[in-house]
Amino acid sequence: MSLLDRHRAVMPTWMPVYYGEDALEIVSGSGRRVTDATGRTYLDFFGGVLTTMIGYDIAEISDAVRSQIGTGVAHTSTLYLIRQQVELAEKIARISGIPDARVFFTNSGTEANESALLMATNVRRSNQVLAIKNSYHGRTFGTMAITGHRSWSSSSLSPLSVNWLASADRLRGRMAGLGDTDLIDAAVDDLREVLATVTAGDVAALIAEPIQGVGGFVHGPDGLLGAYRKVLDESGILLIADEVQTGWGRTGDHFWGYQAHDVVPDLITFAKGIGNGYALGGVIGRAEVMNAVPAISFATFGGNPISTAAGNAVLDYVLDHDLQGNAKRVGTILLDGLRALDTSIVAAVRGRGLMIGLEFVRPGTTEPDPAVTARVFDLCRQNGLLVGKGGLYGNVIRIGPALTLTEAEARDGLAILSEAVMTADTEIRTL
């Protein structure tokens, strides 16, 4: 029996596996490349869903983890002091941009967002939350309620009362075709209308991704969250920035996605890349918000010695090697190259730094084309490049390589992806 058959025999049917009957088992990695069980090597432009942020087999991270394992202490719980946890929290608080910040560690972005909701609803004594259409914030009971993406919302039941703001999608919907200023004005009008009509007035928080990850890297113009914040402040509503995918310099222009918006959030959630594959997430926030939980709480495995040893090494590596600057340089190569493609099947190339999406449509329309997206996805794999998929209609190729990607690797990946797009374009034209 194949590994895929064994997987299907014991895993739930709702767990997707890329490439169908040709599913990959990745058995080793080095730098930005991985090798599958057949011995074939691929350039990885998706990084375990933007998680292997530094790459594979990085000595500084491996050494830090081995050193902690060598002590024989993998777990103590936060009922005891954990030096690695405290040191990482000090670093994160310092670079968060939030005055007098506190940090609470979790195991994932989903759990980080749950924790942020717990804090915000306690501060405001309200279960009302604002979220944005086309968003993704996690797979648990509470975070599904604030996920504005039908494919990922498997239950209509919720502990929260959620009201929705329009997505910044400029291809279709309320914001279609709008320029930056008009989009911000329309978004603020939408926020005011929602607050005036469908809430009870005591809203706890707005949660927003600076760039929507699963949603296909849709994002509003710079300053949008700042414009929202001016309205929120009129009623004391908190702002939560979901930086699970946008943090740690990935966008190139800023260390945190929120910094493009002339605003400082009350709470920031993070995960994925900070552990570079080790389970690590968390919340950063103002002390009075973080301390508002009125009962004892802790995460059994959150901030454990091994994960925070990895996190310290990752963050040091990001800062010491100016990976934010590298994301800007190599991301520009990719964005410029993709935007130069002469094709009618790509309606938008969007993103910043090393967070890039290509949205595919039927030629001459804005009608989503998930079939041609799947074709490009498969062609990339055939030619040695791993990319991701996403978007509300499954018609976006997502690119999120390690921040250590070299210029040569960026050009190699760009060539493969460009060839895949043009091949799919030719195939469409000849039908």
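All residue numbers in this chain count up from 1 along the given sequence. Computed over heavy atoms, backbone and side chain alike; hydrogens, waters and symmetry mates excluded.
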Cut-off 3.5 Å, no hydrogens considered: what does the side-chain donor-acceptor table look like for residues 203-221, sequence neighbours left out?
| residue | atom | partner | partner atom | Å |
| --- | --- | --- | --- | --- |
| Glu209 | OE1 | Tyr136 | N | 3.2 |
| Glu209 | OE2 | Gly213 | N | 3.1 |
| Gln212 | OE1 | Asn134 | ND2 | 2.9 |
| Gln212 | NE2 | Lys133 | O | 3.0 |

Distance-only donor-acceptor pairs under 3.5 Å for side chains of residues 340-349, two or more places apart:
| residue | atom | partner | partner atom | Å |
| --- | --- | --- | --- | --- |
| Thr343 | OG1 | Ile345 | N | 3.2 |
| Thr343 | OG1 | Asp425 | OD2 | 2.7 |

Donor-acceptor pairs under 3.5 Å, side chain of residues 46-57 to any protein atom, not counting sequence neighbours: which ones?
| residue | atom | partner | partner atom | Å |
| --- | --- | --- | --- | --- |
| Thr51 | OG1 | Gly48 | O | 3.0 |
| Thr51 | OG1 | Val49 | O | 3.0 |
| Thr52 | OG1 | Gly47 | O | 3.2 |
| Tyr56 | OH | Asp44 | OD2 | 2.6 |

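Ser307 meets the side-chain hydrogen bond (donor to acceptor under 3.5 Å, both in side chains) test with Asn304; sequence neighbours excluded. Take Asp100 and apply the salt bridge (Lys or Arg N to Asp or Glu O under 4.0 Å) test, not counting sequence neighbours, and it matches Arg102. Taking Val194 as the reference, Leu130, Asn163, Leu165, Asp190, Val198, Thr199 meet the side-chain contact (heavy atoms from CB on, under 4.5 Å) condition, with sequence neighbours excluded. Phe301 pairs by the ring-ring contact (aromatic ring centres under 6.0 Å, His included) definition with His75, not counting sequence neighbours. Residues satisfying the side-chain hydrogen bond (donor to acceptor under 3.5 Å, both in side chains) criterion with Thr140, sequence neighbours excluded, are Glu114, Thr143. For Glu419, the side-chain contact (heavy atoms from CB on, under 4.5 Å) criterion is met by Thr423, not counting sequence neighbours. By the salt bridge (Lys or Arg N to Asp or Glu O under 4.0 Å) test, Glu367 is found to be paired with Arg362, residues two or more places apart in sequence or in another chain being considered. Arg329 meets the salt bridge (Lys or Arg N to Asp or Glu O under 4.0 Å) test with no other residue; sequence neighbours excluded. Residues satisfying the side-chain hydrogen bond (donor to acceptor under 3.5 Å, both in side chains) criterion with Glu288, sequence neighbours excluded, are Arg286.
Inspection of the Ser108 and Glu111 side chains reveals no N or O donor paired with an N or O acceptor under 3.5 Å.
Using a 4.0 Å cut-off between charged side-chain N and carboxylate O, Asp63 and Arg66 make a salt bridge. At a threshold of 4.0 Å, the pair Lys389-Asp378 does not count as salt-bridged, since none of the basic side-chain nitrogens sits closer than that to a carboxylate oxygen. Ion pair Asp336/Arg339 not flagged as a salt bridge, since none of the NZ, NE, NH1 or NH2 atoms sits closer than 4.0 Å to an Asp/Glu carboxylate oxygen.
Here the side chain of Glu87 pairs no donor or acceptor atom with the backbone of Gln84 at under 3.5 angstrom. Here the side chain of Asn326 pairs a donor or acceptor atom with the backbone of Leu405 at under 3.5 angstrom. With hydrogens and angles disregarded, no donor-acceptor distance shorter than 3.5 Å links the side chain of Ser62 to the backbone of Ala59. Side-chain atoms of Thr147 do not come within 3.5 Å of backbone N or O of His149 as any donor-acceptor pair. Proximity of a side-chain donor or acceptor of Gln259 to a complementary backbone N or O of Trp256 within less than 3.5 Å is detected. When atom types are taken as modelled, the side chain of Asn107 and the backbone of Ala279 share no donor-acceptor pair closer than 3.5 angstrom. Between the Ser67 side chain and the Ala64 main chain, no donor and acceptor come within less than 3.5 Å of each other.
Using cut-offs of 30° and 60° for the angle between ring planes, the Tyr19 and Phe377 rings count as parallel.
Val231 has its side chain within reach of Arg192: a pair of non-hydrogen atoms, C-beta onward, lies under 4.5 Å apart.
No more than 12 heavy atoms of other residues, nucleotides or ligands shown are found within 6.0 angstrom of CG on Asp262.
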query: Step by step, would you call Glu90 with Arg83 a salt bridge (charged side-chain N to carboxylate O under 4.0 Å, His left out)?
result: CA-CA 11 Å; Glu90 289 172 338; Arg83 185 171 299 274; over 6 Å; no
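By the 6.0 Å and 45° rule, Arg381 does not stack over the aromatic ring of Tyr42.
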